[in-house]
Amino acid sequence: MKLSEKNRDFFHNVFDVVRLIPEGRVTSYGAIAKYLGAPRSSRMVGWAMNASHKEEGIPAHRVVNRNGLLSGRHHFNPPEAMEQRLVAEGIDVKEHQVQSLKTVFWDPSEELKL
DNA sequence: GTCTTGACGTTTA
DNA sequence: CTAAACGCCAAGA
């Protein structure tokens, strides 16, 4: 497999996993990266999300950082749309941070598995 | 071609 | 406890 193909695959997989996030749940960049076999490449997940603006059906608002902080809210339009949507799905968000993260967290390695 | 920046996370001091 | 360094790699300047 060529290296460039693998990179494309990584991005594709990121989009795929994000699409699979259930309503009312959130996951982290690191969890996705780890699931894809690149636990140290969480930044790439974030970069993939940046590119996800072109795509449709990508609930990027359900992806937060490890602390449950809505680190990417500034990339939304308007920036408040992210937490607004999360709240609309039943997730409690305070101060740009997901509450009860442990409860709503959706780990692809555990939930999706194989 | 290089240099910087970035939706992150872990490790080390 | 907090702060900084490092790894990771894709785009834009």
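Order of the sequence lines fixes the chain letters, A, B, ..., with proteins taken first and strands second; residue numbering starts at 1 for each chain.
Sorted by residue number, the list of members of residues 85-107 of chain A with any non-hydrogen atom under 4.0 Å from DNA chain B is empty.
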*Would you give a per-nucleotide map of nucleotides 7-13 of chain B, 5' to 3', where B means the base has a protein non-hydrogen atom under 4.0 Å away, S means only the sugar-phosphate does, and - means neither?*
BBS----
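Look at the P atom in both dA5(C) and dT4(B): the space between them is 15 Å, to the nearest Å.
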*Carefully, step by step, assess Ile91(A) and Val26(A) under the rule side-chain contact (heavy atoms from CB on, under 4.5 Å).*
CA-CA 9 Å; Ile91(A) 299 175; Val26(A) 296; 3.5 Å; yes
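The side chain to side chain contact (heavy atoms under 4.5 Å, CB included) test applied to Arg43(A) returns no partner, not counting sequence neighbours. With sequence neighbours excluded, the residues forming a side chain to side chain contact (heavy atoms under 4.5 Å, CB included) with His75(A) are His53(A), listed by chain and number. Every residue two or more places apart in sequence or in another chain that forms a salt bridge (Lys or Arg N to Asp or Glu O under 4.0 Å) with Glu89(A) is listed here: Arg62(A). The side chain to side chain contact (heavy atoms under 4.5 Å, CB included) check on Ala38(A) picks up Phe10(A), Ser41(A), with sequence neighbours excluded.
A donor-acceptor pair under 3.5 Å is formed between the side chain of Asn13(A) and the backbone N or O of Asp9(A).
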List the atom pairs, with distances to 0.1 Å, where a side-chain N or O of residues 97-107 of chain A and a protein N or O form a donor-acceptor pair under 3.5 Å, not counting sequence neighbours.
residue   : atom : partner   : partner atom : Å
Gln97(A)  : NE2  : Asn67(A)  : O            : 3.1
Gln99(A)  : NE2  : Gln97(A)  : O            : 3.1
Asp107(A) : OD1  : Ser109(A) : N            : 3.0

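Taking atom CZ of Phe10(A) as the reference point, atom P of dC8(C) lies 13 Å away to the nearest angstrom.
The stretch residues 20-39 of chain A participates, sequence neighbours left out, in no salt bridge (Lys or Arg N to Asp or Glu O under 4.0 Å) pair at all.
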